[in-house]
Amino acid sequence: FRLVPDVAVELIRRTRPHFMVGPPTAFAAIGAVPGVTRDDLASFETLYAGGAPLPPALVERFEAQFGHYINNGYGLTETAAACVFSPPGRRGEIDEATNALANGFPFPGIEVRIVDEAGLDVPTGEHGEIALRGFAVTPGYWNRPQESAHAIRDGWFFTGDIGFVNELGVLFCVDRKKDMIIASGFKVWPGEVESVLYQHPAVAEVAVVGVADPYRGETVQAFVALSAGQTATPQELIDHCRDRMAAYKRPTVVHLVEALPRNAAGKILKRELR
């Protein structure tokens, strides 16, 4: 199964659904379908995104276009999908340092820890790996004892995601641990750069990756698909980032592409872009 945006819009027009959940790319793709209107999506009452960081700029753009706020959630295949969510009607906070949108609160029966490299809890508000425990968490991988032992320790599932919990107990997932870019010794989270690029009106979809660089260690590169009928040059998009983030975070190269590679769930395949 793959999302075909114009077919999805036609089904929405015909069946008038009240609820939708999907990756952020699904909402971006639906919003970019030529001719789609606010009336086409008027039947929706609740929308949720998950599977990847949800850029605040995408939420703002979708709400301005269609009048619907996209609620954020968090979960993995190993947690039977969603295990953290923002209650309907509650707008998520945006972290000023990373531009990450709050994912919300754990479901009843789910515990969340933020841990350092040694597996020890970090102070409230500090970044670390997200670890989960509860009824929805898998006991292990089928016939893969080594992977199970690495991911599940003392009953806690170590997700490979980096995030933090604020003083209210709200979880923020910043990005995938393996996607972090080290540019000139500085940590760069791709989601933060993607959020800034999504603020450009011509950008429909974007993915940021780190590419090996002999001088900086890694350099930030962006792959951008433009909205139908919109134009922007790579240099214009780099300049857009120049006034909105530190120099070491800005993309040094922007690739304009017709579409971004995805898996069957709609998640962007950054390994292919690398």
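We number each residue from 1, following the sequence as shown. On a predicted model such as this, the values are computed, not experimentally measured, just so you know.
Across all their heavy atoms, Asn71 and Thr46 have their closest contact at ND2-CG2, 4.0 Å. When every heavy atom of Cys83 is checked against every heavy atom of Leu132, the shortest pair comes out as SG-CD1, 3.7 Å. Closest non-hydrogen pair, Gln65 versus Gly31, comes out as NE2-O, 3.0 Å. Taking each heavy atom of Leu273 and Pro261 in turn, the nearest pair found is CD2-CD, 3.6 Å. When every heavy atom of Arg13 is checked against every heavy atom of Gly35, the shortest pair comes out as NH2-O, 3.7 Å. Between Val36 and Val9 the shortest heavy-atom distance is CG2-CG1, 4.0 Å.
Using a 4.5 Å heavy-atom cutoff, the side chains of Val209 and Pro190 are not in contact. When side chains are defined from C-beta on, Ile181 does not count as touching Val211, because their heavy atoms never get closer than 4.5 Å. No side-chain heavy atom of Val253 sits under 4.5 Å from any side-chain heavy atom of Thr219. In this structure, the side chains of Asp6 and Glu10 stay at 4.5 Å or more apart for every pair of heavy atoms. By the 4.5 Å heavy-atom criterion applied to side chains, Ile182 and Lys187 are counted as neighbours. Using a 4.5 Å heavy-atom cutoff, the side chains of Phe62 and Leu41 are in contact. Residues Ile12 and Asp40 have side chains not in contact (no heavy-atom distance under 4.5 Å, counting atoms from C-beta outward). By the 4.5 Å heavy-atom criterion applied to side chains, Arg90 and Tyr69 are not counted as neighbours.
Residues Ile268 and Val257 fall within the same hydrophobic cluster, defined by Ile, Leu, Val, Met, Phe, Trp and Tyr side chains chained together at heavy-atom separations under 4.5 Å. There is a path of hydrophobic side-chain contacts, each under 4.5 Å, that joins Val188 to Met245. Linking Ile, Leu, Val, Met, Phe, Trp and Tyr whenever their side-chain heavy atoms come within less than 4.5 Å puts Val206 and Leu256 in one cluster. In the hydrophobic clustering of this structure, Ile70 does not group with Tyr74; members are Ile, Leu, Val, Met, Phe, Trp, Tyr whose side-chain heavy atoms approach within less than 4.5 Å, directly or through other members. Leu3 and Phe66 fall into different hydrophobic clusters, where Ile, Leu, Val, Met, Phe, Trp and Tyr residues are linked whenever their side-chain heavy atoms come under 4.5 Å apart, directly or through other members.
Panel note: side chain Arg38, backbone Ala64; a donor-acceptor pair is recorded below 3.5 Å. Here the side chain of Arg61 pairs a donor or acceptor atom with the backbone of Tyr198 at under 3.5 angstrom. Looking only at distances, no side-chain donor or acceptor of Glu111 sits under 3.5 Å from a matching main-chain atom of Gly134. Between the Arg250 side chain and the Asp243 main chain, no donor and acceptor come within less than 3.5 Å of each other. A donor-acceptor distance shorter than 3.5 angstrom exists from the side chain of Thr252 to the backbone of Val220, with no hydrogens or angles considered. Distance alone, capped at 3.5 Å, is enough to place a donor-acceptor pair between the Asn103 side chain and the Cys173 backbone. Listed for the Asn166 side chain is a donor-acceptor partner under 3.5 Å among the backbone atoms of Val170. At least one donor-acceptor pair closer than 3.5 Å links the side chain of Lys270 to the backbone N or O of Val208. Although no hydrogens or angles enter the test, the distance criterion places a donor-acceptor pair under 3.5 Å between the side chain of Ser43 and the main chain of Pro17. With hydrogens and angles ignored, the 3.5 Å screen pairs no side-chain donor or acceptor of Thr79 with any backbone N or O of Gly75.
Contact check on Lys178 versus Glu129 returns no salt bridge, with no Lys/Arg side-chain nitrogen under 4.0 Å from an Asp/Glu carboxylate oxygen. We find that Lys177 and Glu117 are joined by a salt bridge, their nearest charged nitrogen and carboxylate oxygen being less than 4.0 Å apart. Salt bridge present: Arg91 and Glu63 bring a charged side-chain N and a carboxylate O closer than 4.0 Å. Between Asp179 and Arg274, at least one side-chain nitrogen of the basic residue sits less than 4.0 Å from a carboxylate oxygen of the acidic one, meeting the salt-bridge criterion.
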Derivation and outcome, side chain to side chain contact (heavy atoms under 4.5 Å, CB included), residues Phe44 and Arg16: CA-CA 7 Å; Phe44 281 123; Arg16 312 306 293 169; over 6 Å; no
Step-by-step side chain to side chain contact (heavy atoms under 4.5 Å, CB included) determination, Val254 to Leu237: CA-CA 7 Å; Val254 172; Leu237 296 173; 3.8 Å; yes
Trace of the side-chain hydrogen bond (donor to acceptor under 3.5 Å, both in side chains) decision for His68 with Glu45: CA-CA 8 Å; His68 296 298; Glu45 296 175 2; over 6 Å; no
Worked verdict on Val122 versus Phe164 for side chain to side chain contact (heavy atoms under 4.5 Å, CB included): CA-CA 9 Å; Val122 303; Phe164 66 94; over 6 Å; no
Full working for side chain to side chain contact (heavy atoms under 4.5 Å, CB included) between Phe135 and Ile110: CA-CA 7 Å; Phe135 70 93; Ile110 298 294; 4.1 Å; yes
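In this structure, the side-chain contact (heavy atoms from CB on, under 4.5 Å) partners of Glu78, at least two apart in sequence or on a different chain, are Leu76, Thr138, Tyr141, Phe157.
In the displayed structure, His255 atom NE2 is contacted under 6.0 Å by more than 12 heavy atoms of other residues, nucleotides or ligands. Heavy-atom neighbours of Glu96 CD from other residues, nucleotides or ligands within 6.0 Å: at or below the threshold of 12. Enclosure of atom CZ in Arg271 is not indicated, since only 12 or fewer non-hydrogen atoms of other residues, nucleotides or ligands lie within 6.0 angstrom.
With rounding to the nearest 0.5 angstrom, the CG atom of Leu101 is 4.5 Å from the CG atom of Asn72. Residue Asp121 holds its CG atom at 4.0 Å from CZ of Arg113, rounded to the nearest 0.5 Å. The NZ atom of Lys249 sits 16.0 Å away from the CZ atom of Arg242 when rounded to the nearest 0.5 Å.
A donor-acceptor contact closer than 3.5 angstrom is absent between the side chains of His240 and Gln199.
Taking the ring centroids of Phe105 and Phe85, they lie at or beyond the 6.0 Å cut-off.
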Enumerate, atom names and distances included, each donor-acceptor pair closer than 3.5 Å involving a side-chain atom of residues 47-58, sequence neighbours excluded.
unit_1	atom_1	unit_2	atom_2	d
Tyr48	OH	Ser86	O	2.4

Solution key, residues 223-232 side-chain donor-acceptor pairs under 3.5 Å, sequence neighbours excluded:
none

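Under the 30°/60° scheme for interplanar angles, the aromatic rings of Tyr248 and Phe186 are found to lie parallel.
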